Amino acid sequence: MELDVRNFYYITILRDPVSRYLSEWRHVQRGATWKASLHVCDGRSPTSEELPSCYTGDDWSGCSLKEFMDCPYNLANNRQVRMLSDLILVGCYNLSVMPEDQRNKVLLDSAKENLKRMAFFGLTEFQRKTQYLFEKTFNMNFISPFTQFNSTRASSVEIDEQTQKRIEYLNFLDMELYEYAKDLFLQRYQFMRQKEHQEARRKRQEQRKILRAKHAIHKEETDNSTNDYIGNVEKWR
């Protein structure tokens, strides 16, 4: 019996932390919850003491941005780092395992390492480059080109500079991860473009070699034909 051998790859799409945070707030404001998420880590879900809820009732619909930012247990804070890192390294949701500064460093380093090891990741702010990298990485093409939508629910939220700074502060790990991700993403993009140009140049060189070989063969055949003709002319005289 033949085994069905498959290769599985972890991929992800990152987003500008401020835009992502505002988008999640809008989502929660409309009544979205993550009640079905068990947040299982190291074989168990966190206790209510380890992960208190930010609201009472069925959902947090109608919450203001200030209320959203004021909850210290809000999982929207630094969500991208937490989702990409290995939480077991810091004792999952038990904040008493190590000092906060150490915990933050371990989480960020883990998220960076896991991101670097992924075969592919994209950035929502670079849709066309993301499509290009995906197609080149996995040797497949999408039917339609990706579209860059700059008008989103997050972009429609007008915030002042102070609010912007506070969101950045609440998501300082995500901010650092995103800068790292953007640099790595553009490096991968440039590498793939250079590889594509080198391959195109190699193909052109091969084509020129084939053409030169064909011309040489054609010239040799023409010369031989001319020599045969001259030889026959000499005989006819």
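The residues of the chain are indexed from 1 along the displayed sequence. Quick caveat, the model's predicted, so the values are computed rather than measured.
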*Is M83 reachable from F172 through a run of hydrophobic residues whose side-chain heavy atoms are each under 4.5 Å from the next?*
no
_Students often mix this up, so state it plainly: with edges at 30° and 60°, are the rings of F142 and F134 parallel, tilted or perpendicular?_
tilted
_Can a side-chain donor-acceptor contact be found between Q127 and Q131 if the only test is distance below 3.5 angstrom?_
no
*Test side chain to side chain contact (heavy atoms under 4.5 Å, CB included) applied to T137 and I11, step by step*: CA-CA 11 Å; T137 300; I11 67 173; over 6 Å; no
Only distances under 3.5 Å count here; give the side-chain donor-acceptor pairs of residues 178-185 to other protein atoms, sequence neighbours excluded, each with its distance to 0.1 Å.
residue : atom : partner : partner atom : Å
Y178    : OH   : E125    : OE1          : 2.6
D183    : OD2  : Q187    : NE2          : 2.7

*With rounding to the nearest 0.5 Å, note down the distance linking CZ in R15 to CG in L123.*
12.0 Å
_Check this for me: does any side-chain nitrogen of one of D109 and K105 sit under 4.0 Å from a carboxylate oxygen of the other?_
yes
_Whether R79 engages the ring of W34 as a cation-pi pair (distance to the six-membered ring centre under 6.0 angstrom, angle to the ring normal within 45°) should be assessed._
yes
*To the nearest 0.5 Å, tell me how far Y73 OH sits from S53 OG.*
10.5 Å
*asked:* So does L173 get a backbone contact from the side chain of N78, meaning a donor-acceptor N/O pair under 3.5 Å?
replied: yes
*Would you please indicate if the ring centroids of F68 and Y21 are separated by under 6.0 Å?*
yes
Hey, can you pull the donor-acceptor pairs under 3.5 Å for the side chains in residues 188-195, sequence neighbours left out?
residue : atom : partner : partner atom : Å
R188    : NH1  : M118    : O            : 3.1
R188    : NH2  : K116    : O            : 2.8
R188    : NH2  : M118    : O            : 3.2

*asked:* The criterion is salt bridge (Lys or Arg N to Asp or Glu O under 4.0 Å); which residues satisfy it with K66, sequence neighbours excluded?
replied: D70
_Among E161, Q162, E168, exactly one meets side chain to side chain donor-acceptor pair (under 3.5 Å) together with Q164. Which residue is that?_
E168
*Does any non-hydrogen side-chain atom of L108 lie less than 4.5 Å from one of E176?*
yes
_Option among R30, Q29, E24 that satisfies the side chain to side chain donor-acceptor pair (under 3.5 Å) test with H27_ = R30
_With a 3.5 Å distance limit and no angle check, can you tell me whether D174 reaches the backbone of Q80 through a side-chain donor-acceptor pair?_
yes
*State whether the side chain of S85 and the backbone N or O of V81 hold a donor-acceptor pair below 3.5 Å, judged by distance alone.*
yes
